[in-house]
Number of protein chains: 2
Amino acid sequence: MANTKHALFPEEQVSLAAFAGALAHPARIAIIGLLQERKEVCCGDIVKELPLAQATVSQHLKALDKAGLLHLRECGPKACYSLNCEAIRSFCHSFQCTLGTDQADHSAELEPAADCANRRS
Amino acid sequence: MANTKHALFPEEQVSLAAFAGALAHPARIAIIGLLQERKEVCCGDIVKELPLAQATVSQHLKALDKAGLLHLRECGPKACYSLNCEAIRSFCHSFQCTLGTDQADHSAELEPAADCANRRS
DNA sequence: TTGACTTATCGTATATCTACGATATGCGAT
DNA sequence: ATCGCATATCGTAGATATACGATAAGTCAA
């Protein structure tokens with residue numbers, strides 16, 4: 001991003017953030033859904049499905065590819081994309097570990113003390 | 001984002017993209033890691049841990065809070081944050097479904113035909 | 001009330017993102 | 001070689017993100 005300080009953070013955090021960033025747009029979520037459903041889709045077919053111009057779709061595909069989430073197969077003039085399932089699984093695993101969704105919910109331990117009320121929320 | 005067309009996409013895709021966007025920065029990943037580890041941390045302690053100014057940390061906390069990933073408890077002048085585990089679990093579940101990491105790897109079905117070579121990759 | 005402390009918000013500069021038309025590039029067929 | 005198709009890239013405009021200093025606002029203690 002702008003004047004970013006990513007270099008000051010651990011590699012794993014930067015990597016996870018990049019993965020999240022690749023998914024941080026509805027069009028890219030939609031593209032992944034299409035690839036999930038049809039295994040392999042060419043650029044033109046994606047353009048037909050999304051409310052975006054061809055150049056924009058190509059840009060989103062490039063972003064997903066740059067993040068390592070796609071496989072590209074070229075057949076004649078067509079570019080056929082599929083999911084890089086292994087990479088996605090790997091990222092999801094790191095994600096689970098970081099977000100810790102498998103851990104206990106600590107909310108019970110965080111009952112606000114009687115003398116602590118909310119101010120801004 | 002800029003001149004965004006999010007409104008043209010299904011609500012679930014927009015929602016997932018927003019979740020991903022909330023995690024699309026190493027600082028926010030780091031904050032979640034801290035909250036995971038210590039259950040509850042106040043803003044000042046996060047500032048001490050990250051290589052960012054207080055204003056910037058506050059901004060990142062706001063982004064996480066806006067995405068619904070945090071709980072805020074105010075104790076005196078301090079703002080104590082903890083994870084909204086329920087929300088995170090919910091998002092992760094949607095994530096799993098969309099990314100389909102539990103599905104079979106189709107790469108075997110996608111062996112390039114003999115007459116299709118790679119051009120740009 | 002004053003002062004020290006904590007946090008959020010404002011204002012701002014810069015970089016990146018989003019989106020698209022136009023164009024370039026590559027492929028296969030004629 | 002030329003044409004038509006498919007896709008990537010370029011150039012650009014406008015919106016958003018990142019980062020920080022300065023400041024506001026609120027809390028507690030004295």
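Numbered from 1 within each chain, the chains take letters A, B, ... in sequence-line order.
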* **Phosphate OP1/OP2 of D/dC28 contacted by B/K78 side-chain N/O (<4.0 Å)** => no
* **Partner of B/C43 by side chain to side chain contact (heavy atoms under 4.5 Å, CB included), out of B/V41, B/D45, B/V47, B/I46** => B/V47
* **Proximity to the side chain of A/T56 - top-ranked nucleotide from C/dT6, C/dA19, C/dA8** => C/dA19
* Asked: Which whole-number value in Å describes the distance from B/K48 NZ to C/dT6 P?
  -> 7 Å
* Which of these nucleotides, D/dA8, C/dT7, D/dA19, is closest to any side-chain atom of A/Y81? -> D/dA8
* **Carboxylate-amine/guanidinium contact A/D65 A/K62, below 4.0 Å** => no
* Structure fact -> B/L61 atom CG is separated from D/dA19 atom P, nearest whole Å, by 13 Å
* **Rounded distance in Å - CD1 (A/I31) to P (C/dT18)** => 11 Å
* **side chain to side chain contact (heavy atoms under 4.5 Å, CB included) between B/L69 and B/F91, worked out** => CA-CA 10 Å; B/L69 304 187; B/F91 272 122; 4.1 Å; yes
* Side-chain N or O of A/H60 less than 4.0 angstrom from OP1 or OP2 on C/dC17? -> no
* To do: Taking only the side-chain heavy atoms of B/A79 (C-beta and beyond), determine which of D/dT9, C/dA19, C/dT7 contains the nearest atom.
  => C/dT7
* Minimum-distance nucleotide to A/P77 side chain [options: D/dA19, C/dA19, C/dG28] -> C/dG28
* **Nucleotide nearest A/A55 (side chain, heavy atoms from C-beta), chosen from D/dA19, C/dC20, C/dT7** => C/dC20
* Nearest-Å distance for atom pair CG/C1', residues B/L50 and D/dC20 -> 15 Å
* Asked: Looking only at side-chain N and O atoms, does A/T4 come under 4.0 Å of OP1 or OP2 in D/dA17?
  -> no
* **Nucleotide nearest A/A53 when distance is taken to its side chain, options C/dG21, C/dT18, C/dT7** => C/dG21
* Structure fact -> note: B/F9, atom CZ; C/dA19, atom P; distance rounded to Å ~ 7 Å
* Structure fact -> A/H6 NE2 to D/dA17 P, in whole Å, measures 13 Å
* To do: Decide side chain to side chain contact (heavy atoms under 4.5 Å, CB included) for B/L23 and A/T98; before the verdict, give the C-alpha distance in whole Å, the side-chain angles of both, and the deciding distance to 0.1 Å.
  => CA-CA 11 Å; B/L23 301 174; A/T98 299; over 6 Å; no
* Structure fact -> For A/G68 and A/N84, the nearest pair of non-hydrogen atoms, with its separation, is O-ND2, 3.2 Å
* To do: Rounded off to whole Å, could you give me the CG-to-C1' distance for the B/D65 and C/dT9 pair?
  => 15 Å
* Asked: How would you label the contact of B/L52 with the nucleic acid (heavy atoms, under 4.0 Å): base, sugar-phosphate, or nothing?
  -> sugar-phosphate
* First of B/Q59 and B/D45 reached from the 5' end of DNA chain C, by closest nucleotide -> B/D45
* **B/L23 CG - D/dA17 C1' separation (whole Å)** => 16 Å
* Which one, D/dC5, D/dT18, D/dT7, comes nearest to the side chain of A/Q54? -> D/dT7
* Asked: Which nucleotide sits closest to the side chain of A/N3: C/dT18, D/dA8, D/dA19?
  -> D/dA19
* **B/R28 side-chain N/O to B/G21 backbone N/O, donor-acceptor pair under 3.5 Å** => yes
* To do: Tell me whether the OP1 or OP2 atom of D/dA17 has a side-chain N or O from B/R28 closer than 4.0 Å.
  => no
